[in-house]
Amino acid sequence: MSIQNLNVFDPFADANKGADDDVQDGLVHIRIQQRNGRKTLTTVQGLSSEYDLKKIVRACKMEFACNGTVVDHPEYGEVLQLQGDQRENICQWLTKCGLAKSDQLKVHGF
């Protein structure tokens, strides 16, 4: 009997496939990352650095009734992390607030 949940999955692996200039191509990448059991994280990468990400996380936490934080990734910069599967919610919220257009959003996941 083997344990299936111990496989390592890098949610940013598809960002490494292209050239380095393609990673920051103006797209906002929204990914889902599996934690333990049924728990998931939603990560948002590629928001403009002129926005205060901590205020965005605070607004998302109140809007979606979840917890969240800003993580400083060594290669991808600051990444937003929200608890749960918030991909659809964050897409609608970013377009409603005018932080990103719908053609700039790229949703990854299962």
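Keep in mind the model is a prediction, meaning the values are calculated, not measured.
Remark: D103 pairs with K101 by the side chain to side chain contact (heavy atoms under 4.5 Å, CB included) rule, at least two apart or across chains. Residues satisfying the side chain to side chain contact (heavy atoms under 4.5 Å, CB included) test with E78, not counting sequence neighbours, are L53, V70, D72. Partners of C60 according to the side chain to side chain contact (heavy atoms under 4.5 Å, CB included) rule, which considers only residues two or more places apart in sequence or in another chain, are I56, F64, L82, I90, W93. By the side chain to side chain contact (heavy atoms under 4.5 Å, CB included) test, R35 pairs with K39, L41, sequence neighbours left out.
Taking each heavy atom of Q83 and C66 in turn, the nearest pair found is O-CB, 3.7 Å. The heavy-atom pair separating V79 from H73 by the smallest distance is CG2-CB, 4.1 Å. Nearest heavy atom pair, residue V28 against residue A100, reads CG2-CB, 4.1 Å. Summarising the geometry of C91 relative to I30, their closest heavy-atom pair is SG-CD1, 3.5 Å, with the distance given to 0.1 Å. Nearest heavy atoms, L105 versus L94: CD2-CD1, 3.9 Å.
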With side-chain contact (heavy atoms from CB on, under 4.5 Å) as the criterion, how do N89 and E63 come out once you've worked through the C-alpha distance, each side chain's angles and the decisive distance to 0.1 Å?
CA-CA 9 Å; N89 293 337; E63 181 78 22; over 6 Å; no
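Expressed to the nearest 0.5 Å, how far CZ of R58 lies from CG of D52 amounts to 7.5 Å. Interatomic distance, CG of D85 versus OG1 of T40, reported as 5.5 Å (0.5 Å rounding). Atom CD of Q33 and atom NE2 of H108 lie 13.0 Å apart (nearest 0.5 Å). Distance check: Q86 CD to Q81 CD gives 13.0 Å after rounding to the nearest 0.5 Å. In this structure, OG1 in T43 is found 10.5 Å from CZ in R87, a value given to the nearest 0.5 Å.
Taking hydrophobic clusters as Ile, Leu, Val, Met, Phe, Trp and Tyr residues chained together by side-chain heavy-atom distances below 4.5 Å, V71 does not share a cluster with L47.
A 4.5 Å side-chain heavy-atom check between T69 and V57 finds every atom pair outside the cut-off.
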